[in-house]
S.K.: 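This structure is in structure tokens; I'll ask about it shortly.
Throughout, residue positions are numbered sequentially from 1 according to the sequence presented.
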Amino acid sequence: MQTLNKRWTTWLCILLTVSMLAGCSGSGEATNPGIGESGGDETLNIKMFAGLYNEIPDMDNEYWTEWEKRTNAKLDIEWVPSGDLDTKLDLLLASGDLPEVVAYQNQIRPTLITAIQNGAFWDLTPFLGDLSEYPNLKENLAPDALKYLTVDGGIYAVPRSRSRIDGGLKIREDWLKKLNLPIPKTFEEYREVLKKIVDSDMDGNGNKDTVGLLFINNPPAMFQAGFGAYNPTYDNDGGLMSPGLTSQYIEMIEWFRELYADGLLSKEYAVMKESQAEELFKTNRAASYGRPIWWDHEWEQAMKKSGQPDAKILNLSLTGPHGDAAVGLETGVAGGFYISKKVPEEKVKQLLKYFDMTASQEMTDFSYYGIEGVHYTEQDGQKVLTEQGVKEVNTTSKGAGVLAYAKWGKVISASGDKAYNDAKIKEVENFDEIGKIDFYRVITSEAWRETWPKYADEYSSMLTRTIVGQTSVEQLRAYVDKLNNQPDIKQAYQEMAKAYDQFNQPTITE
């Protein structure tokens, strides 16, 4: 523990130094032509493991050719479908045969933390120093970005920057208008609206088969936030409880049980894949879905092509039963880029120069829009993707670089015009202020990582059985109470409380 405190003190000193130097850098553009002095003008070859969120990209297309030209890099990427990332990562870590860079979105996954502690990846703290050699990383990241990527006091990755405002609880606004229904403001109003939509055959097929709310396996973040599960809750001994084991969370599960009994959830929700749910929503067979906001325009176009020309998506701002806003926020850091310890020290420096360049505003703009005249055109001051742009510039195409933090990056649509995006920003403009983050996705402890996997599968099964009516809410409460009184979980809660306090320690400059 003494060593941990010493390393954390060192980290705070680094933060102070960074903040003192914050006003000394340039514009934050791509200031490192040719990857950096240490790499010379030679092309930097990079082998990487990264997530696939669209079709497998053609790495010889115009987008990726230009990306490699601008960064003076040649990318050899193993694109792994997003649904398989966890499994593939675990296999990769178990094999020990790591590529040079592992891009992964969950920085507290137990297998990743164990690999870090076992020396699989470089501690980047000595390389980054005060960030004076990496002006874009210093200027263009989300607040506390590197803090989220710290393990035992060392920084083990550079971030995958993403907007804090990400997911929205979508509802078909055109259906509300067609049925003369008000925009719901509370969970109960939302539930009543779903009932009326489901009973109204909105796809016109003559069957009562419209899904009210789509979600896959776990309740979406906005519901957890709205029921107060993201409010830090402590047990009688001062341990920080898991959000999923609080009374607020059980209250939410009871609410979902009622929705299921009312026929407002898909009967197959527990086994449905994201691609299946997305297809239901895009083809006018579901009323509501909690997913990233920036897909709204693309999905509306799909809905219109499926026979509903007035299709329009609205992201709701609901208030939970105890006054909590139903808005779940991201941290601004969607995991990070980890460098294998097998990479020579000199190449680590070259890779960091590459990542610093990708954090420039220039490369970030390129990652969102591509090449002017090829991937986008200017319309009324707004960059709008062309057909080729829609195909080549997408979520996957942002997976090879840090990118600069953009508040509205997961809100605006590259295929929407300025008026559309301005309206979408106004729709969610207060989300950053009213939303909350799942703190158990930010902090971790050895005790929690070792303890929770022993109970996770049974717990997940218990939630599903409760929602579908196979287990009573009283039985769920008794089960959760039993878990919360397990000595190993109580000890883990103690460690999580310490980790949370440590994470929230203010720096001297705050």
Side-chain angles (χ1 to χ4, degrees), residues 1-18 86 89-90 92-94 96 98 101-131 134 137 141-160 232 239-240 242 331-343 345 348 351-352 355 402 437-453 488-489 491-508 510:
M1 182 59 70
Q2 185 176 3
T3 301
L4 173 60
N5 289 335
K6 183 175 180 181
R7 297 189 74 180
W8 187 251
T9 301
T10 302
W11 164 239
L12 291 178
C13 292
I14 291 171
L15 278 180
L16 174 60
T17 305
V18 171
D86 290 347
L89 177 78
D90 291 349
L92 188 70
L93 295 175
L98 299 177
V101 175
V102 173
Y104 184 65
Q105 79 277 20
N106 180 6
Q107 64 267 24
I108 61 169
R109 184 167 179 79
T111 51
L112 177 63
I113 298 291
T114 298
I116 288 171
Q117 293 175 328
N118 288 337
F121 300 101
W122 278 97
D123 179 353
L124 302 178
T125 313
F127 296 93
L128 295 173
D130 62 6
L131 296 180
Y134 308 101
L137 295 178
L141 302 184
D144 292 330
L146 297 178
K147 201 172 178 181
Y148 290 117
L149 298 166
T150 299
V151 177
D152 296 338
I155 306 166
Y156 282 88
V158 290
R160 298 169 71 251
L240 182 64
S242 165
T331 62
V333 177
F337 296 91
Y338 299 81
I339 301 177
S340 168
K341 198 62 184 290
K342 295 179 181 179
V343 175
E345 183 172 341
V348 173
L351 288 169
L352 288 175
F355 285 123
V402 169
I437 294 170
D438 178 0
F439 48 88
Y440 256 59
R441 288 179 55 199
V442 172
I443 60 170
T444 186
S445 73
E446 184 175 355
W448 180 253
R449 292 193 301 272
E450 291 181 352
T451 299
W452 184 241
D488 50 356
I489 287 183
Q491 178 58 38
Y493 283 173
Q494 289 291 316
E495 290 196 13
M496 291 299 273
K498 292 177 183 177
Y500 189 63
D501 288 344
Q502 188 177 62
F503 183 86
N504 286 309
Q505 285 179 2
T507 62
I508 298 174
E510 287 181 336

S.K.: How long is the span from the CD atom in Glu450 to the OG atom in Ser445, to the nearest 0.5 Å?
M.R.: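 Going from CD on Glu450 over to OG on Ser445, the span is 9.0 Å.
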S.K.: Is there side-chain contact between Leu112 and Asn106, with heavy atoms separated by less than 4.5 Å?
M.R.: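 SC-SC contact between Leu112 and Asn106 ruled out.
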S.K.: To the nearest 0.5 Å, what is the distance between OG (Ser242) and CE (Met496)?
M.R.: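 The distance works out to 7.5 Å.
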S.K.: Taking C-beta and beyond as the side chain, do Val158 and Leu141 meet within less than 4.5 Å on heavy atoms?
M.R.: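 Side chain of Val158 against side chain of Leu141, heavy atoms only: no contact under 4.5 Å found.
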S.K.: Any chance you could measure Asn118, atom CG, to Ile113, atom CD1, to the nearest 0.5 Å?
M.R.: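 Answer rounded to 0.5 Å: 11.5 Å.
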S.K.: Measure across Ala157 and Leu149 and return the closest heavy-atom pair with its distance rounded to 0.1 Å.
M.R.: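 Residues Ala157 and Leu149, closest heavy atoms: O-CD1, 3.5 Å.
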S.K.: Would you check if Phe121 and Ile116 make a side-chain contact, meaning some heavy-atom pair closer than 4.5 Å?
M.R.: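 Yes, at least one pair of side-chain atoms sits under 4.5 Å.
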S.K.: Strictly under 6.0 Å, is that where the ring centroids of Tyr338 and Tyr156 end up?
M.R.: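 So the answer is no for these two rings.
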S.K.: Any non-hydrogen side-chain atom of Trp122 less than 4.5 Å from a side-chain atom of Lys341?
M.R.: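 They are in side-chain contact.
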S.K.: Is there a side-chain contact between Thr331 and Phe439, using heavy atoms and a 4.5 Å cut-off?
M.R.: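 Contact flag for Thr331/Phe439 side chains = no.
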S.K.: Hey, could you give me the CD/OG1 distance between Glu495 and Thr444, rounded to the nearest 0.5 Å?
M.R.: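 Rounded to the nearest 0.5 Å, the CD-OG1 separation comes out at 9.5 Å.
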S.K.: Mark yes or no for whether Thr125, through its side chain, and Gly154, through its backbone, hold a donor-acceptor pair below 3.5 Å.
M.R.: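 Looks like no, no N/O pair under 3.5 Å.
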S.K.: Please confirm whether the ring centroid of Phe503 lies under 6.0 Å from the ring centroid of Tyr148.
M.R.: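 Aromatic pair counts; centres sit under 6.0 Å.
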S.K.: Rounded at 0.5 Å granularity, tell me how far CZ in Arg449 sits from OG1 in Thr114.
M.R.: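 It comes to 6.0 Å.
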S.K.: Rounded to the nearest 0.5 Å, what separation is found between the CD1 atom of Ile489 and the CH2 atom of Trp452?
M.R.: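 Ile489 CD1 to Trp452 CH2: 5.5 Å, rounded to 0.5 Å.
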S.K.: Heavy-atom count check: over 12 atoms from other residues, nucleotides or ligands less than 6.0 Å from Glu446 CD?
M.R.: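 Counting other residues, nucleotides and ligands, CD of Glu446 stays at 12 neighbours or fewer.
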S.K.: Taking all non-hydrogen atoms of both residues into account, name the closest pair between Leu240 and Pro232 and its distance.
M.R.: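 Answer, listing the atom of Leu240 first, then Pro232: CD1-CB, 3.9 Å.
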S.K.: Verify side chain to side chain contact (heavy atoms under 4.5 Å, CB included) between Phe337 and Tyr104, making sure each step is shown before the conclusion.
M.R.: CA-CA 7 Å; Phe337 296 91; Tyr104 184 65; over 6 Å; no
S.K.: So do Leu146 and Val333 actually touch side chain to side chain, heavy atoms under 4.5 Å?
M.R.: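 Contact flag for Val333/Leu146 side chains = no.
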S.K.: Determine whether the side chains of Asp90 and Thr111 contain a donor N or O and an acceptor N or O closer than 3.5 Å.
M.R.: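 Thr111 and Asp90 do have a side-chain donor-acceptor pair below 3.5 Å.
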S.K.: Heavy atoms, side chains only, cut-off 4.5 Å: are Val348 and Leu124 in contact?
M.R.: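 Counting from C-beta outward, Val348 and Leu124 do come under 4.5 Å.
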S.K.: Can you find a pair of side-chain heavy atoms, one from Ile108 and one from Ile443, that are under 4.5 Å apart?
M.R.: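 A side-chain contact is absent here, since even the closest heavy-atom pair is not under 4.5 Å.
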S.K.: Can you list the residues that meet the side chain to side chain contact (heavy atoms under 4.5 Å, CB included) rule with Arg441, with sequence neighbours excluded?
M.R.: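 If we apply the side chain to side chain contact (heavy atoms under 4.5 Å, CB included) test to Arg441, skipping adjacent residues, the hits are Glu330, Asp438.
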S.K.: Whether the side chain of Arg160 engages the backbone of Gly336 through a donor-acceptor N/O pair (distance < 3.5 Å, no angle test) should be reported.
M.R.: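 No, Arg160 side chain to Gly336 backbone: no donor-acceptor pair under 3.5 Å.
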S.K.: Is it the case that the ring center of Trp448 lies less than 6.0 angstrom away from the ring center of Tyr440?
M.R.: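 For Tyr440 and Trp448, the ring centres are under 6.0 Å apart.
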